[in-house]
Amino acid sequence: MSRENRTASAGDGAGKRGKKVTLLSLIVIQSAVIVYTGSGICSKMAAAWPAFSFMWMLWIFLEVCCLGGYAVFWQQIIKRFDLSVAYANRAFAIFWSMLWALIIFGERVTLKNIIGVVVIFAGIMLVNQDAG
């Protein structure tokens with residue numbers, strides 16, 4: 001066995017190059033991004049309470065839990081997917097954040113917000129199409 005074959009079989013990531021982007025892989029990546037955007041929700045909820053009050057500490061704790069869960073989730077994703085695909089799909093957090101702002105906080109979504117998300121989505125699709 002040549003050195004190149006041993007290196008590729010040793011799990012250095014060479015075996016994942018060119019891996020097809022599937023619907024399941026996109027769902028997994030988006031699940032991590034949704035967990036990440038949960039930290040923004042918790043942060044905004046904490047801002048409504050006086051600093052160091054019980055509710056403030058609860059929301060900050062939940063924010064740290066979201067970030068910790070995301071960190072573990074993300075490490076598994078970048079181990080299994082091409083980095084360019086994973087990071088491009090992470091940009092979809094803007095969409096999820098805008099959706100949470102609308103649904104949870106009743107904030108207004110403008111036409112500029114929607115155009116921005118469409119441009120980001122188009123870029124993500126280009127990266128995913130190139131990888132697929």
*At their closest point, which heavy atom of Leu102 faces which heavy atom of Glu107, and how far apart are they?*
CD1-O, 3.4 Å
_Contact summary for Val127 and Ser84, nearest pair of heavy atoms_ = CG1-O, 3.8 Å
_Heavy-atom side-chain contact between Gln76 and Phe81 under 4.5 Å_ = no
*Got a second to check how far Trp59's CH2 is from Cys65's SG, nearest 0.5 Å?*
12.0 Å
*Nearest 0.5 Å, what's the CG-CD1 distance between Leu99 and Ile104?*
8.0 Å
*Side chains of Ser25 and Thr22: closer than 4.5 Å at any heavy-atom pair?*
yes
*So with a 6.0 Å cut-off around CZ of Phe54, is the heavy-atom count from everything else above 12?*
no
*asked:* Hydrophobic clustering (ILVMFWY, side-chain heavy atoms < 4.5 Å, transitive) - are Leu67 and Val72 grouped together?
replied: no
*Non-hydrogen side-chain atoms of Trp100 and Ile34 separated by less than 4.5 Å*: yes
_Same apolar cluster (I L V M F W Y, side chains within < 4.5 Å links), Leu23/Trp96_ = no
*Heavy-atom pair of closest approach, residues Asn113 and Arg108*: OD1-O, 4.2 Å
*How many angstroms lie between CD1 in Ile60 and CE in Met45, if you round to the nearest 0.5 Å?*
12.0 Å
*Residues, nucleotides or ligands: over 12 heavy atoms within 6.0 Å of Trp49 CH2*: no
*Stepwise, does the ring pair (Phe, Tyr, Trp, His ring centres under 6.0 Å) test hold for Phe92 with Phe95?*
CA-CA 5 Å; Phe92 215 69; Phe95 165 78; 5.0 Å; yes
*Can you check whether Ile124's main-chain N or O pairs, donor with acceptor, with Gln129's side chain at less than 3.5 Å?*
no
*Which heavy atom in Asn89 sits nearest to a heavy atom in Ile29, and how many Å separate them?*
CB-CG2, 3.5 Å
*Shortest non-hydrogen contact from Ala32 to Trp74?*
CB-CE3, 4.5 Å
_Joint cluster assignment, Leu62 & Phe105, ILVMFWY side-chain distance < 4.5 Å_ = yes
_Let me check something: do Met55 and Phe52 share a hydrophobic cluster, defined by ILVMFWY side-chain heavy atoms less than 4.5 Å apart, either directly or through other members?_
yes
*Note: Glu63-Lys44 ion pair, threshold 4.0 Å (strictly below)*: no
*Starting at OH of Tyr87, measure out to CG of Asp82 and round the result to the nearest 0.5 Å.*
13.5 Å
*State, yes or no, whether a side-chain contact exists between Lys112 and Ile115 at a heavy-atom distance under 4.5 Å.*
no
_Closest heavy-atom pair and its distance - Val109, Met98_ = CG1-SD, 3.5 Å
_Using a 3.5 Å distance criterion without hydrogens, assess whether the side chain of Ser97 forms a donor-acceptor pair with backbone atoms of Ala93._
yes
*asked:* Tell me whether Ser31 contacts the main-chain N or O of Ile27 through its side chain, where contact means a donor paired with an acceptor under 3.5 Å.
replied: yes
